[in-house]
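Step one of this worksheet: look at the structure below.
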Amino acid sequence: MLGKLIRYDLKSTTRFLIVIHIFLIIFSILGRIFLTGRFPYEADDISELLVALTFTVYIILFAGASFGTLLVIAVRFYKNLFSDEGYLTNTLPVTKGMHLLSKTLSGTIWCAIDAFILYLCAFILIAIPPVTEALSAHWGEFIRLLGFSSQSSFHFFLLYMVVLTFIGAVVNVVSIQSAVILGQLFNGHKVLGAVVSYFVLTTISSIAATILMGIYGLLTDNLIIGTVGNSDFTFASYMTNILNLSFALEIVFAIILYIISYIIMKKKINLS
């Protein structure tokens, strides 16, 4: 039954999300052909305004695609469980926990796909001959400059990033679903309640992350002090510490929100 629910959820969201990401890939290819692909080989001749404008536009497009993905997942979650459609959904011989799990998994699949498509589009835009040739010629020096002792350590770091991408996808989906579940408790203002709940949850997460970064000396001021006063400081070690902290915090945050969501769904679902 879980597999059927996941397939149904994916089918109901895929048609919207495929369109969003096809357009993103097309715009990235066009940007490569007509913008970044035409940059001259001499960096001094590159128009700074064109570079700034190009990256600003594509940052907005990438952010819009990610926001659109979360929005589609949130709307589908709300309509399927807490609108008129919810009356039919809740007549199915499936537990509330199974509904929550299936939507979390299907949403995570699309959030992970969204993240990797963004990586792909960034690669399409940035991997122009001047960049790839320079990296190929000085690759060993480049990874040593970042603080990686070997090629294998750099590959392990990339693998760690992939794992964190999936964890981040889970956290994003759990957060947006938790906001919708909390929002449905506001009679007559469920959408507004969901929006407010989402901002409250993200604010709490940001405050917790900032406090922990301060405790472990990972804030910007401490970073500047570290680079000046510590000859052993490397970008790789700093990023690894950041990722370790993010990994732990995101897992704890996701577990707490998922438990809260599960308890609320079992005790109260507001379809009015």
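Heads up: numbering here begins at 1 and tracks the sequence.
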Which pair of heavy atoms, one from T108 and one from V173, lies closest together, and at what distance? N-CG2, 3.5 Å

OG-CG distance between S197 and L185, expressed to the nearest 0.5 angstrom: 8.0 Å

Should K103 and L81 count as side-chain neighbours, where that means a heavy-atom distance under 4.5 Å? yes

Distance in Å, I259 CD1 paired with I264 CD1, rounded so as to fall on 0.5 Å steps: 12.0 Å

For V180, does its backbone N or O pair with a side-chain atom of Y198 as donor and acceptor, under 3.5 Å? no

Any non-hydrogen side-chain atom of L118 less than 4.5 Å from a side-chain atom of S66? yes

Carefully, step by step, assess H189 and V196 under the rule side chain to side chain contact (heavy atoms under 4.5 Å, CB included). CA-CA 11 Å; H189 304 282; V196 172; over 6 Å; no

Could you check whether any side-chain heavy atom of F116 comes within less than 4.5 Å of a side-chain heavy atom of C121, counting everything from C-beta outward? no

Are L243 and L212 connected in a single hydrophobic cluster, I mean Ile/Leu/Val/Met/Phe/Trp/Tyr linked by side-chain heavy atoms less than 4.5 Å apart? yes

Indicate yes or no for a side-chain donor-acceptor contact from S12 to the backbone of D9 under 3.5 Å, with no hydrogens or angles considered. yes

Looking only at side-chain N and O atoms, does Y119 offer a donor or acceptor that is under 3.5 Å from a partner on T165? yes

Please examine the side chains of L100 and I181, heavy atoms only from C-beta on, and report whether any two atoms are closer than 4.5 Å. yes

Take W110 and V72, measure what side chain to side chain contact (heavy atoms under 4.5 Å, CB included) needs, and give me the verdict at the end. CA-CA 10 Å; W110 254 114; V72 169; over 6 Å; no

Please lay out, stage by stage, how S175 and T202 fare under the test side chain to side chain contact (heavy atoms under 4.5 Å, CB included). CA-CA 8 Å; S175 297; T202 53; 5.7 Å; no

Please round to the nearest 0.5 Å and tell me the distance separating atom CZ of F27 and atom CG of L125. 12.0 Å

What are the two closest heavy atoms between L10 and S106, and how far apart are they? CD2-O, 3.7 Å

Between F34 and F62, is there shared hydrophobic-cluster membership here, with clusters defined by ILVMFWY side-chain heavy atoms closer than 4.5 Å? yes

Between CG on residue L245 and CG on residue N241, distance to nearest 0.5 Å: 9.0 Å

Can you classify the ring geometry of F82 versus Y78 as parallel (below 30°), tilted (30 to 60°) or perpendicular (above 60°)? tilted

Does either side chain, that of T13 or that of R76, offer a donor lying less than 3.5 Å from an acceptor on the other one? no

Do L158 and I167 share a hydrophobic cluster (ILVMFWY, side-chain heavy atoms under 4.5 Å, transitive)? yes

Does the side chain of L192 come within less than 4.5 Å of F186's, by heavy atoms? no

Do Y160 and N244 have side-chain atoms, one donor and one acceptor, less than 3.5 Å apart? yes

Measure from the side-chain N and O atoms of S205 to the backbone N and O of L201, and report whether any donor-acceptor pair falls under 3.5 Å. no

Hey, what do you get for CD1 (I124) to CD1 (I29), rounding to the nearest 0.5 Å? 5.0 Å

Would a single hydrophobic cluster contain both M98 and I260, if residues Ile, Leu, Val, Met, Phe, Trp and Tyr are joined by side-chain heavy-atom contacts under 4.5 Å? yes

For a quick test of reading the model, state the closest non-hydrogen atom pair linking A74 to I176 and the distance between them. CB-CG1, 3.5 Å

Ring centre gap for W139 and F154 strictly below 6.0 Å: yes

Indicate whether any N or O donor in one side chain lies under 3.5 Å from an N or O acceptor in the other, for Q177 and S261. no

In terms of hydrophobic clustering (I, L, V, M, F, W, Y; side-chain heavy atoms under 4.5 Å; direct or indirect links), are V200 and I211 co-clustered? no

Compare all side-chain heavy atoms of V174 with those of F253 and state whether any distance is below 4.5 angstrom. no

Residue pair D114 / I20, side-chain heavy-atom distance below 4.5 Å: no

Euclidean distance, I25 CD1 relative to L30 CG, rounded to 0.5 Å: 12.0 Å

Which atom pair, heavy atoms only, marks the closest approach of G97 to Y258? O-OH, 4.2 Å

Treating K96 as the side-chain partner and I263 as the backbone partner, does any N or O pair qualify as donor plus acceptor under 3.5 Å? no

H155 atom NE2: more than 12 heavy-atom contacts under 6.0 Å: yes

Does the side chain of T69 reach to within under 4.5 Å of the side chain of I73, using non-hydrogen atoms? yes

So does L17 get a backbone contact from the side chain of H21, meaning a donor-acceptor N/O pair under 3.5 Å? yes

Can you confirm whether F166 is buried at CZ, in the sense that more than 12 heavy atoms of other residues, nucleotides or ligands lie under 6.0 Å from that atom? no

